[in-house]
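Labels below follow one simple rule: chain letters A, B, ... track the order of the sequence lines, proteins then strands, and each chain is numbered from 1. Values below: every heavy atom of this structure, side chains too, minus hydrogens, waters and symmetry copies.
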2 protein chains.
Amino acid sequence: MNTVIRVWSGSQVTRDSAPAPDRAMQPLTRPHIVAAGLRLLEREGAAGLSMRKLAGELGRAPAAVYRHISNKRELLSLLFDEVSRQIVVPDAGGDPRTVVLEAAQSAHRTMEEHGWIAAGMLDGELPGAASLRLAEFILDVLVRNGMSDVQAARLYVALWQFLVGHLVAAAGVPGCPSPGPVARPGDGDGDCPTVRRVAPLIERMSDQERFTTGLRLLLDGAFAEPRAPRAGTAAEEEVPVSRPAPGAAE
Amino acid sequence: MNTVIRVWSGSQVTRDSAPAPDRAMQPLTRPHIVAAGLRLLEREGAAGLSMRKLAGELGRAPAAVYRHISNKRELLSLLFDEVSRQIVVPDAGGDPRTVVLEAAQSAHRTMEEHGWIAAGMLDGELPGAASLRLAEFILDVLVRNGMSDVQAARLYVALWQFLVGHLVAAAGVPGCPSPGPVARPGDGDGDCPTVRRVAPLIERMSDQERFTTGLRLLLDGAFAEPRAPRAGTAAEEEVPVSRPAPGAAE
DNA sequence: ACCTGAACACCGTTCAAGT
DNA sequence: ACCTGAACACCGTTCAAGT
């Protein structure tokens, strides 16, 4: 197994030790606000985060927060950044397939701890500065191991979309643990024999499995493509301007 | 190219022709409500759907809706069902990889038309009865072509999660078209040379490409695994790692 | 059975006014 | 510069009361 190193230089906010229990009348700062937001999310979940409650948590009037943050979206963006800063990536050496798999799993683990992220994805401009480091790491490993920029871009986009989808699907209804991708065949819906047979297998899959098996398929697919044998500078084929897919009616 | 057939028996609600312009005092029905909901979504987008506006659209008091529907989640569920009913699947014959690809693309196309779906994913129990038909179709094709139930289940879950992730990532901030998986390297964030180089490639990818290339990777990965030889008919050759033309795929 | 009016307990955000 | 009080324009949902 690879040594685990931290890719970030240290978080300015820790969830457990708030900057201070909001004493006397120290003026608010963004770190105060971010910390309070994380506390609120941890305590009440995604639905519990409101600008008003946040202000309450900080002991101020709701309007006070707006002196330091322009709206709720910016708040979500800051919170997401704080979480992505905690993503840990493996050592870059070794089999690239394994390294990328571990990096993705690490991102998955970190974000999964924060169920609200899935909900935040939809109205925050979440892919912020901190997640750049993860992108840099993955793209760099791929390219350094012979993928063209285009191949790396494609795989990275696919990985990201898959991660987002997994988080959203796993979060599902805020309360329920995981509705899964298929509902149980109900009464009125013509019989779906295959679904009926396979559904239990799906329901039995753990969250980890749902993520990792898909991840493996993506990586298998990507690494099955021919790559350049060696590379320091992987300038290769130029992107051939996407043509419409051969058999696809689109 | 495959003949396109409808897998559903007909929608009881059409978006364009509402059941009636809400005349005199016909009692409300669920189809009325679903139709009004779709009208509202089309006109005002995901953020424009509220129980109060829905009631307004129907010419009733807000409370009236609750006689027919128990809450907003159920409404979203019904709306999602109505949309999934419109998914068209290809003919089941032919290369399974292509058939599944086309089915997924079809689902993508249908859901993409309804940007609100991504938002609804998070607080509706969306995978309802209608999407069972799609699941049945895909699982059936996979198993009929030699995949084990477990293999089929895994690929299906991966496809679903990827679709969800794509929709959410593509929907992004309600207003903005597509923030994409990486933000532009900003000022303060240490230089990320690879991201800086690759980001333009990612931004240049169309929505279709972002979906289809990932889909292909998943299918490549899944069909690279050994499967049982027999299918319904004759020699289904052991797939020797499908290779899409190097960089010239698409 | 179906609907209305009015209310309850919330939202995000703005803005004049205070210190 | 930073904060408060009060307001604006909304939410989802409930419930007694009407017909």
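Each of A:A63 and A:L49 was assigned the nucleotide of DNA chain C with the nearest heavy atom; the assignment lying further toward the 5' end belongs to A:L49. When the nearest nucleotides of DNA chain D are assigned to B:R67 and B:N71 by heavy-atom distance, the more 5′-ward of the two goes with B:N71.
Rounding to whole angstrom units, NE2 of residue A:H32 and P of D:dC2 are separated by 13 Å. In this structure, CZ of B:R52 is placed 15 Å from P of C:dC10, rounded to the nearest angstrom. In this structure, B:L28 places its CG atom 10 Å from C1' of C:dC3, rounding to the nearest Å. At whole-Å resolution of the value, CG in A:L54 and C1' in D:dC3 are 15 Å apart. Rounded to an integer number of Å, the gap from OH of A:Y66 to P of C:dG12 is 6 Å. For A:L58 and D:dC3, the CG to P distance is 10 Å, given to the nearest whole Å. If you take CZ of A:R60 and C1' of C:dG12, they are 20 Å apart, rounded to a whole angstrom. Atom-to-atom, CE of B:M51 to C1' of D:dC10 comes out at 16 Å; the value is rounded to the nearest Å.
Taking every heavy atom of both residues into account, A:L58 and A:H32 meet most closely at CD2-O, 3.8 Å.
Here B:K53 reaches the OP1 or OP2 of D:dC11: one of its side-chain N or O atoms lies under 4.0 Å away. Put simply, A:H68 has no side-chain N or O that comes within less than 4.0 Å of OP1 or OP2 on D:dA1. For B:S50, a side-chain nitrogen or oxygen approaches OP1 or OP2 of D:dG12 to under 4.0 Å.
Taking the six-membered ring where tryptophan is involved, the planes of B:F211 and B:F162 are essentially parallel, since the angle between them stays under 30° and well short of 60°. Between A:W160 and A:Y156, the ring planes are parallel. Angles under 30° get that label, and only those over 60° would be called perpendicular.
The listed nucleotides are C:dC11, D:dC3, C:dT4; the one nearest the side chain of B:A61 is C:dT4. Comparing D:dT13, C:dT13, D:dC3 by their closest approach to the side chain of A:K72 singles out C:dT13.
With a cut-off of 3.5 Å on both pairing distances, the Watson-Crick or G-U wobble partner of D:dG5 is C:dC15.
In this structure, NE2 on B:H68 lies 9.5 Å from CZ on B:R30, to the nearest 0.5 angstrom.
Donor-acceptor pairing under 3.5 Å is recorded for the side chains of B:T194 and A:E136.
The same atom, C1', is picked in C:dA16 and in D:dC3; the two are 13 Å apart, to the nearest Å.
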